[in-house]
Structures are given as structure tokens and as C-alpha cells.
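Written below as C-alpha cells is the structure these notes are about.
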Amino acid sequence: MIDLQVSPQSAAIELLKRRTIRRNFTDWCRHCGFEPAQHHQLLIAKLEAVARGDVPRLAVFMPPGSAKSTYGSILFAPWFLASRPECAVIAASHTSELAEKWGRKVRNLVIEHGNTLGLSLSGDSQAAGRWALKQGGEYYAAGVGVGIAGFRADLAIIDDPIRSREDADSDLVRERIWDWYKSDLSTRMKPGGRQIVIQTRWHEDDLAGRLLGEMAKGGDTWDI
């Protein structure tokens with residue numbers, strides 16, 4: 001809310017700033033204290049395309065330490081909700097603890113920058129792993145392999161579905177992740193829902209490898 005005691009000119013400048021931040025992901029990142037590097041700018045352009053609906057499925061393969069989770073999981077979710085406050089977001093990672101860590105950071109950004117984003121938490125939304133907006137949107141953090149019954153998503157972000165090299169080398173773990181993706185995550189998407197998979201590639205037959213294998217056979221198209 002704009003302070004009515006400030007001058008009309010200052011209020012207009014503040015409104016313009018907020019609108020610019022809600023339209024431009026780079027401006028939002030800078031507003032949060034991050035200065036995107038060149039590879040982040042490439043990622044930002046793809047994430048903006050997801051938000052517009054131009055890219056329904058995005059696969060992000062970057063090495064550890066490249067801040068792919070910072071931009072893809074933490075900064076993107078609240079910015080996406082700012083222009084679509086009625087939407088529901090599922091954020092999944094290899095454990096519920098990590099997914100809830102992301103959820104806590106996203107929730108804190110909504111609290112800290114609520115006026116800029118035009119968002120506010122519902123009064124009964126305090127949990128890091130599942131919270132709602134007064135505007136109608138929802139956020140649900142889940143571990144890979146955990147059932148997602150009762151929740152439908154407009155956006156799914158799967159970040160680091162494999163925990164370690166040991167898990168990547170396990171046929172059982174890879175099969176369990178794939179079954180979860182096909183039986184739980186995919187069935188929870190609303191019509192027109194968007195998906196983002198963010199990971200370091202560990203194995204040719206990991207989740208990303210299977211998705212690309214399906215695409216090669218005529219399945220869903222992923223922008224890589």
C-alpha cells in the first residue's frame with residue numbers, strides 16, 4: 001500500500017517501480033540484492049518465458065554452485081505469483097527438508113516484499129512447507145517420493161530430485177523417482193500447467209534422462 005502522506009510524485013514513482021519489478025525478473029532479482037551474471041541472464045530469460053506460457057516445460061542443467069536454485073526455486077516462485085496470485089505452486093526436492101527450506105525462503109520473500117509484489121500471506125499460513133495467499137494462491141513443498149494427493153498445481157518446480165552419486169547409481173532409487181514423477185507429480189498438474197526441472201546431471205538414466213528419452217520418442221517437449 002502506498003503511504004498517502006508522501007507526495008503524489010513520489011507515490012507515482014513508487015507505483016512505477018513496483019510495476020516494473022513485477023514485469024521484469026531481472027529487476028526483481030536486483031531488488032532482492034542479487035546481480036545476475038551472464039549465465040543467470042540466460043536462465044532468467046527462460047524463466048520469464050515459462051511465466052509467459054511460451055515455454056511450458058523447462059529443463060535446467062547446471063553444475064553445483066551455479067546458483068540455479070537461487071534463481072529457479074527461490075526468486076522465481078514469488079515473482080511468478082506476483083502476476084498470478086491465484087495460482088498454485090508445487091516445489092519438490094530430493095527430501096522434504098530441502099523442499100521446506102526452499103519454501104521457507106520463498107515465504108520470507110513474500111513477507112518481506114509483500115507490498116512490492118502485491119502479495120500477502122493468509123492469516124493461518126505459517127508452515128514453511130505449505131502456505132496460502134490472501135489472493136488465493138498456494139505453495140506446497142514436497143519431497144520427491146511423497147504423495148501429493150489433494151493439491152493441484154499451475155507450476156511445478158523440481159529441484160535436485162537426486163540427492164547423491166550413490167542414489168544416482170541406484171536402479172531402485174531412479175525407478176522410484178520416475179514412478180513418483182509419472183504417478184504423483186504429473187497427475188497433479190492443472191491443464192496448461194508449467195513444469196521446471198532443475199538439476200545437475202548425475203546419470204544418463206536419471207529423471208532428466210528419462211524425460212529427454214520420452215521427448216525423443218515423440219513425448220512432451222522440453223526446452224533445455
Side-chain angles (χ1 to χ4, degrees), residues 39-77 80 87-99 101-103 140-149 151-224:
H39 67 288
H40 299 141
Q41 290 288 0
L42 173 61
L43 177 56
I44 284 170
K46 293 295 185 179
L47 291 169
E48 288 181 329
V50 171
R52 291 193 304 269
D54 297 339
V55 174
R57 285 170 293 275
L58 175 66
V60 180
F61 307 144
M62 292 184 176
S66 56
K68 58 188 181 296
S69 294
T70 298
Y71 286 88
S73 286
I74 299 171
L75 292 169
F76 181 65
F80 176 85
C87 285
V89 177
I90 289 177
S93 193
H94 56 71
T95 61
S96 295
E97 290 79 10
L98 183 57
K101 177 183 177 182
W102 301 150
Y140 182 28
V144 170
V146 175
I148 316 175
F151 192 92
R152 300 275 286 169
D154 300 279
L155 171 67
I157 304 172
I158 307 170
D159 190 344
D160 278 339
I162 295 179
R163 176 170 46 188
S164 64
R165 168 65 64 185
E166 181 180 0
D167 282 353
D169 287 339
S170 168
D171 293 339
L172 180 63
V173 171
R174 295 198 310 274
E175 193 65 33
R176 186 186 305 135
I177 293 171
W178 182 243
D179 287 344
W180 169 84
Y181 174 82
K182 297 294 287 185
S183 301
D184 283 294
L185 190 283
S186 295
T187 62
R188 296 290 93 202
M189 301 304 300
K190 295 181 184 179
R194 299 152 217 191
Q195 298 181 40
I196 303 172
V197 173
I198 304 170
Q199 68 168 93
T200 298
R201 294 300 307 276
W202 290 93
H203 195 284
E204 290 184 357
D205 189 44
D206 58 15
L207 174 61
R210 295 199 182 192
L211 292 172
L212 299 184
E214 281 202 338
M215 182 174 72
K217 297 175 183 177
D220 291 335
T221 298
W222 289 80
D223 193 315
I224 305 166

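One-based numbering along the sequence shown.
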Backbone N/O of Thr95 and side chain of Arg163: donor-acceptor pair under 3.5 Å: no
Pairwise side-chain contact, Leu58 with Leu47, heavy-atom cut-off 4.5 Å (strictly under): yes
Aromatic ring pairing Phe76/Phe80, orientation class (parallel under 30°, perpendicular over 60°, tilted between): tilted
Thr200 to Asp160 - nearest heavy-atom pair and separation: N-OD1, 4.0 Å
Test item: Trp222 and Leu211 side chains (from C-beta on) under 4.5 Å apart, heavy atoms: yes
N/O donor-acceptor pair under 3.5 Å between Ser183 side chain and Trp180 backbone: no
Residue pair Pro161 / His94: nearest heavy atoms and the distance that separates them: O-CB, 3.4 Å
Non-neighbouring partners of Arg201 that pass side-chain contact (heavy atoms from CB on, under 4.5 Å), sequence neighbours left out: Phe61, Gln199, Asp206, Ala208, Leu212
Derivation and outcome, side chain to side chain contact (heavy atoms under 4.5 Å, CB included), residues Cys87 and Leu155: CA-CA 8 Å; Cys87 285; Leu155 171 67; over 6 Å; no
Donor on one side chain, acceptor on other, Tyr71 and Gln41, under 3.5 Å: no
Check: Arg194 side chain, Val50 main-chain N or O, donor-acceptor pair, under 3.5 Å: yes
Between CD on residue Glu175 and OG on residue Ser170, distance to nearest 0.5 Å: 10.5 Å
Ser69-Asp159 side chain donor-acceptor pair, cut-off 3.5 Å: yes
Side-chain heavy-atom pair Pro191, Arg152 within 4.5 angstrom cut-off: yes
4.5 Å side-chain heavy-atom contact, Lys46 and Asp223: yes
Full working for salt bridge (charged side-chain N to carboxylate O under 4.0 Å, His left out) between Asp171 and Arg174: CA-CA 5 Å; Asp171 293 339; Arg174 295 198 310 274; 2.5 Å; yes
Which atom of Ala99 lies closest to which atom of Ala141, heavy atoms considered: O-CB, 3.3 Å
Smallest separation among heavy atoms of Phe151 and Ala88, with atom names: CZ-CB, 3.8 Å
Matching residue for Leu185 among Ile177, Ile148, Val144 - test: side-chain contact (heavy atoms from CB on, under 4.5 Å): Ile148
Under 3.5 Å: donor-acceptor pair, side chain of Arg57, backbone of Asp220: no
Salt bridge (charged side-chain N to carboxylate O under 4.0 Å, His left out) between Arg210 and Glu204, worked out: CA-CA 8 Å; Arg210 295 199 182 192; Glu204 290 184 357; over 6 Å; no
Heavy-atom side-chain contact between Val89 and Asp154 under 4.5 Å: no
From CG (Asp169) to OG (Ser164), nearest 0.5 Å: 8.5 Å
Met189 versus Ala156, closest heavy-atom pair with distance: SD-CB, 3.6 Å
Taking every non-hydrogen atom, the tightest pair across Gly147 and Tyr140: O-OH, 3.8 Å
Candidates Ile198, Leu207, Ile196 - the one meeting side-chain contact (heavy atoms from CB on, under 4.5 Å) with Ile158: Leu207
For Ser66, all residues meeting side-chain contact (heavy atoms from CB on, under 4.5 Å), sequence neighbours excluded: His39, Met62, Pro63, Lys68
